[in-house]
Amino acid sequence: QLQLVESGGGLVQPGGSLRLSCAASGATLEHYAIAWFRQAPGKEREGVSCFSPTLGRTFYPDSVKGRFTISTNNANNMMYLQMNSLKPEDTAIYYCAAGDGRVIGAVVPALDPNEYDYWGQGTQLTVSS
């Protein structure tokens with residue numbers, strides 16, 4: 001059973017940068033589609049990045065494209081979300097997730113939270129001066 005644990009959240013000033021980490025255990029991430037989602041108070045969970053191992057490509061919504069970068073390190077079974085040029089509207093709880101690498105992004109939408117089976121507990125990011 002894959003388990004995910006996020007870390008690295010905190011308080012950042014607008015324009016700043018932060019990297020979130022997600023440690024995986026119980027299985028290797030290599031063949032999973034991996035993603036980061038966020039949820040702000042009163043809003044639906046939103047996908048902010050996905051990597052599909054089947055397609056070998058990443059997906060980002062327009063709201064974070066060019067600012068956020070998803071990456072993975074298979075050697076230590078970790079995934080990361082590098083966030084630059086942060087804005088107050090990026091404030092949310094951030095979750096890492098993993099799902100079926102054969103279909104996410106190829107057959108089903110890459111950033112649909114319903115397609116992911118494994119979730120971390122979340123880490124808070126607050127962007128404020």
Side-chain angles (χ1 to χ4, degrees):
Q1 180 84 356
L2 182 65
Q3 294 182 321
L4 304 172
V5 178
E6 304 94 340
S7 62
L11 174 64
V12 181
Q13 291 189 340
S17 298
L18 196 69
R19 188 179 78 161
L20 303 180
S21 301
C22 178
S25 61
T28 59
L29 283 175
E30 188 173 3
H31 301 296
Y32 285 92
I34 59 171
W36 288 89
F37 290 81
R38 67 185 180 188
Q39 189 163 20
K43 294 189 176 181
E44 292 186 352
R45 192 165 293 193
E46 172 192 22
V48 295
S49 63
C50 167
F51 173 72
S52 163
T54 299
L55 301 177
R57 62 158 291 188
T58 54
F59 298 82
Y60 301 94
D62 288 343
S63 59
V64 307
K65 196 173 293 182
R67 300 190 298 123
F68 288 13
T69 303
I70 188 172
S71 62
T72 183
N73 185 329
N74 291 329
N76 61 13
N77 219 23
M78 297 282 293
M79 62 177 175
Y80 305 96
L81 182 68
Q82 178 66 43
M83 303 179 291
N84 299 326
S85 302
L86 284 164
K87 305 175 181 180
E89 51 263 44
D90 295 319
T91 295
I93 299 175
Y94 282 73
Y95 301 88
C96 58
D100 191 336
R102 298 167 297 178
V103 300
I104 290 176
V107 178
V108 299
L111 297 176
D112 182 347
N114 295 314
E115 300 299 335
Y116 289 81
D117 302 309
Y118 304 99
W119 292 85
Q121 82 288 351
T123 186
Q124 175 72 47
L125 168 67
T126 302
V127 184
S128 175
S129 55

- Query: How close do Tyr95 and Gln121 get, heavy atom to heavy atom, and via which atoms?
  - Reply: CE2-O, 3.6 Å

Show me the side-chain donor-acceptor pairs of residues 10-29 shorter than 3.5 Å, one per line, residues at least two apart or across chains.
{"from": "Ser17", "atom 1": "OG", "to": "Asn84", "atom 2": "OD1", "distance (Å)": "3.0"}

- Task: Using the side-chain contact (heavy atoms from CB on, under 4.5 Å) rule, take Arg38 and Asp90 through it: C-alpha gap first, then chi angles, then the decisive distance, then the call.
- Result: CA-CA 9 Å; Arg38 67 185 180 188; Asp90 295 319; 2.9 Å; yes

- Query: Mind checking whether Trp119 and Phe37 have parallel, tilted or perpendicular rings, split at 30° and 60°?
  - Reply: tilted

Output side-chain donor-acceptor pairs under 3.5 Å for residues 98-117, partner residues at least two apart or in another chain, one line each.
{"from": "Asp100", "atom 1": "OD1", "to": "Arg102", "atom 2": "N", "distance (Å)": "2.9"}
{"from": "Asp100", "atom 1": "OD1", "to": "Arg102", "atom 2": "NE", "distance (Å)": "3.0"}
{"from": "Asp100", "atom 1": "OD2", "to": "Arg102", "atom 2": "NH2", "distance (Å)": "3.0"}
{"from": "Asp112", "atom 1": "OD1", "to": "Asn114", "atom 2": "N", "distance (Å)": "2.9"}
{"from": "Asp112", "atom 1": "OD1", "to": "Asn114", "atom 2": "ND2", "distance (Å)": "3.3"}
{"from": "Tyr116", "atom 1": "OH", "to": "Ala110", "atom 2": "O", "distance (Å)": "2.6"}

- Message: Side chains of Ser63 and Glu89, heavy atoms from C-beta outward: is any pair under 4.5 Å?
- Response: no

- Task: Might you point out which heavy atoms bring Gln124 and Ile93 nearest each other, and give the distance in Å?
- Result: OE1-CG1, 3.3 Å

- Task: Dump the intermediate steps for side-chain contact (heavy atoms from CB on, under 4.5 Å) on Phe59 and Ile70, then the final yes or no.
- Result: CA-CA 9 Å; Phe59 298 82; Ile70 188 172; over 6 Å; no

- Message: Quick one, Phe51 and Pro53 - any side-chain contact, counting heavy atoms below 4.5 Å?
- Response: yes

- Query: Considering only heavy atoms from C-beta outward, does the side chain of Trp36 approach that of Phe68 to under 4.5 Å?
  - Reply: no

- Message: Test of understanding: clusters of I, L, V, M, F, W, Y form through side-chain heavy atoms closer than 4.5 Å, transitively. Do Val127 and Tyr94 belong to the same one?
- Response: yes

- Query: Closest heavy-atom contact between Glu6 and Gly122?
  - Reply: OE1-N, 2.8 Å

- Message: Using the salt bridge (Lys or Arg N to Asp or Glu O under 4.0 Å) criterion, which residues pair with Lys87? Sequence neighbours excluded.
- Response: none

- Message: Does Gln1 have more than 12 heavy atoms from other residues, nucleotides or ligands lying within 6.0 Å of its CD?
- Response: no

